[in-house]
Amino acid sequence: CAALVDEVGAATDEMYADADGAAGDRGASAPSSARDEMERHAGGYGSLLRVAATGVVSAWCGGPLDDPTRTLDFSLRRFCVPVVQKYVQQEGYDIDGEAFEHLEKDDVIDAKYVLPIRKSFLVQAIQEGKCDTKVSLELVKALSAVLSVVFFDTILSEGKMFSEWGALLLSKQTRTLQHFLCDLITESRSRQETAHSGDCEVPDTAPIRAAFARWDLLVTILELERPGDWAAFRYHAAPDDGVPPPLSTEDVRRIMSLRTDFKEEAIEAACRRSGGGPLPSLQ
């Protein structure tokens, strides 16, 4: 519908370009009215697509509350989200450098956090270019939002403790998963270009990265050298129109308390300096 707006707009502009006088003025309102109407429809279809994408991801990939044991048989190629959640629950982050050297290997991270998603029937359909680029983007955005919640909530609810090495491990796991999800959109576009023998719209992966903003902020806090360094990050952060929701000072306090080497007094001092209001998300 959005593409049709552009096509009809170009055609009607050309049609009325030679009109002059009063007739031209009367005719000029027609294409504008048509474009406005189709843009309203396009907005409505866009909202419907976002709702549908969330439902499809829930049906084919599962959610945080699904039973992970239902997903162990990859023959169904679905419910990848609770599998990833199970690995997060089992992961230990209070580790030393020797453990980090093993756990941060690409094949280890891929086996836990990428392979279950790659085997999903829905993700395979996206990779194979079976979805329109905009549809693929909405599906991956919805999947990214669910995975972000899984990591963020699981780490906080279970009170996982982090050494400095553990924070670095979580950071690499995060980057690996984000790169995989962004690459899904690129792969989908490339396959569509091949299928249609032409250029497809270049997808914007910024919405996918935005879905991870709270998770990214959690990682940023855990990677701090000391709690007091948070003030510099806090005041250089920028609001992002409310998506995702900002962290509160209490959230920051809870996240800092997960670092085994952060002293309670230093955490409290850092939180007092940052103020009691909501904290904007980092981009």
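By convention here, the first residue in the shown sequence is residue 1.
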For the residue pair [X] and [Y], confirm or rule out a side-chain donor-acceptor distance under 3.5 Å.
{"X": "Arg209", "Y": "Thr205", "result": "yes"}
{"X": "Ser47", "Y": "Arg50", "result": "yes"}
{"X": "Gln173", "Y": "Glu104", "result": "no"}
{"X": "Thr186", "Y": "Asp183", "result": "no"}
{"X": "Arg253", "Y": "Ser257", "result": "no"}
{"X": "Trp215", "Y": "Thr174", "result": "yes"}

Do other residues, nucleotides or ligands put more than 12 heavy atoms under 6.0 Å from [X] [atom1]?
{"X": "Glu268", "atom1": "CD", "result": "yes"}
{"X": "Glu98", "atom1": "CD", "result": "no"}
{"X": "Glu250", "atom1": "CD", "result": "yes"}

Next on the checklist: Quick one, Tyr113 with Phe151, criterion ring pair (Phe, Tyr, Trp, His ring centres under 6.0 Å). Give me CA distance, side-chain angles, the key distance, then yes/no.
Outcome noted: CA-CA 11 Å; Tyr113 302 110; Phe151 268 81; 5.5 Å; yes
Starting at [atom1] of [X], measure out to [atom2] of [Y] and round the result to the nearest 0.5 Å.
{"X": "Ile109", "Y": "Leu115", "atom1": "CD1", "atom2": "CG", "result": "13.5 Å"}
{"X": "Leu147", "Y": "Gln178", "atom1": "CG", "atom2": "CD", "result": "10.5 Å"}
{"X": "Ser136", "Y": "Leu143", "atom1": "OG", "atom2": "CG", "result": "12.0 Å"}
{"X": "Ile255", "Y": "Ile155", "atom1": "CD1", "atom2": "CD1", "result": "9.0 Å"}
{"X": "Arg118", "Y": "Leu184", "atom1": "CZ", "atom2": "CG", "result": "9.0 Å"}
{"X": "Leu181", "Y": "Ser148", "atom1": "CG", "atom2": "OG", "result": "11.0 Å"}

Are any of the side-chain heavy atoms of [X] and [Y] separated by less than 4.5 Å?
{"X": "Val252", "Y": "Leu217", "value": "no"}
{"X": "Leu247", "Y": "Ile221", "value": "yes"}
{"X": "Phe180", "Y": "Asp110", "value": "no"}
{"X": "Met256", "Y": "Leu222", "value": "no"}
{"X": "Thr133", "Y": "Leu137", "value": "no"}
{"X": "Ser248", "Y": "Asp251", "value": "yes"}
{"X": "Val140", "Y": "Val57", "value": "no"}
{"X": "Lys130", "Y": "Gln124", "value": "no"}

Specify the closest pair of heavy atoms between [X] and [Y], including all atoms of both residues, with the distance to one decimal.
{"X": "Gly62", "Y": "Val146", "answer": "O-CG1, 4.3 Å"}
{"X": "Ser120", "Y": "Trp60", "answer": "OG-O, 4.2 Å"}
{"X": "Lys134", "Y": "Leu49", "answer": "O-CD2, 4.2 Å"}
{"X": "Pro116", "Y": "Cys80", "answer": "O-CB, 3.2 Å"}
{"X": "Ala111", "Y": "Tyr87", "answer": "O-CE1, 4.4 Å"}

Quick one: does [X]'s side chain have a donor or acceptor within less than 3.5 Å of a partner on [Y]'s backbone?
{"X": "Lys141", "Y": "Thr54", "result": "no"}
{"X": "Ser157", "Y": "Asp153", "result": "yes"}
{"X": "Arg259", "Y": "Ala167", "result": "no"}

Item to check | Arg214 NZ/CZ over Phe152 ring centroid, <6.0 Å and within 45° of normal | outcome: yes
Checklist entry - With a 6.0 Å cut-off on ring centres, are Phe100 and Tyr93 close enough? => result no
Presence of salt bridge, [Y] and [X], under 4.0 angstrom:
{"X": "Lys263", "Y": "Glu265", "answer": "no"}
{"X": "Lys105", "Y": "Asp107", "answer": "no"}
{"X": "Asp106", "Y": "Lys172", "answer": "yes"}

Checklist entry - Same hydrophobic cluster for Val149 and Leu258, using side-chain heavy-atom links shorter than 4.5 Å among ILVMFWY? => result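 No; tracing contacts between hydrophobic side chains, which count when under 4.5 Å, never links both residues.
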Checklist entry - Are Leu218 and Met161 grouped together when hydrophobic residues (ILVMFWY) are joined by side-chain heavy atoms under 4.5 angstrom apart? => result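 The answer is yes; both residues are in one hydrophobic cluster.
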Checklist entry - Could you go step by step and tell me if Val135 and Ile126 meet the side-chain contact (heavy atoms from CB on, under 4.5 Å) rule? => result CA-CA 9 Å; Val135 174; Ile126 294 172; over 6 Å; no
Next on the checklist: side-chain contact (heavy atoms from CB on, under 4.5 Å), that's the test. Do Asp96 and Ser163 meet it? Break it down for me.
Outcome noted: CA-CA 7 Å; Asp96 56 20; Ser163 65; over 6 Å; no
Checklist entry - Can Phe162 and Ile95 be said to form a side-chain contact (heavy atoms from CB on, under 4.5 Å), step by step? => result CA-CA 7 Å; Phe162 286 77; Ile95 58 175; over 6 Å; no
Item to check | Candidates Leu103, Val84, Val83 - the one meeting side chain to side chain contact (heavy atoms under 4.5 Å, CB included) with Lys112 | outcome: Leu103
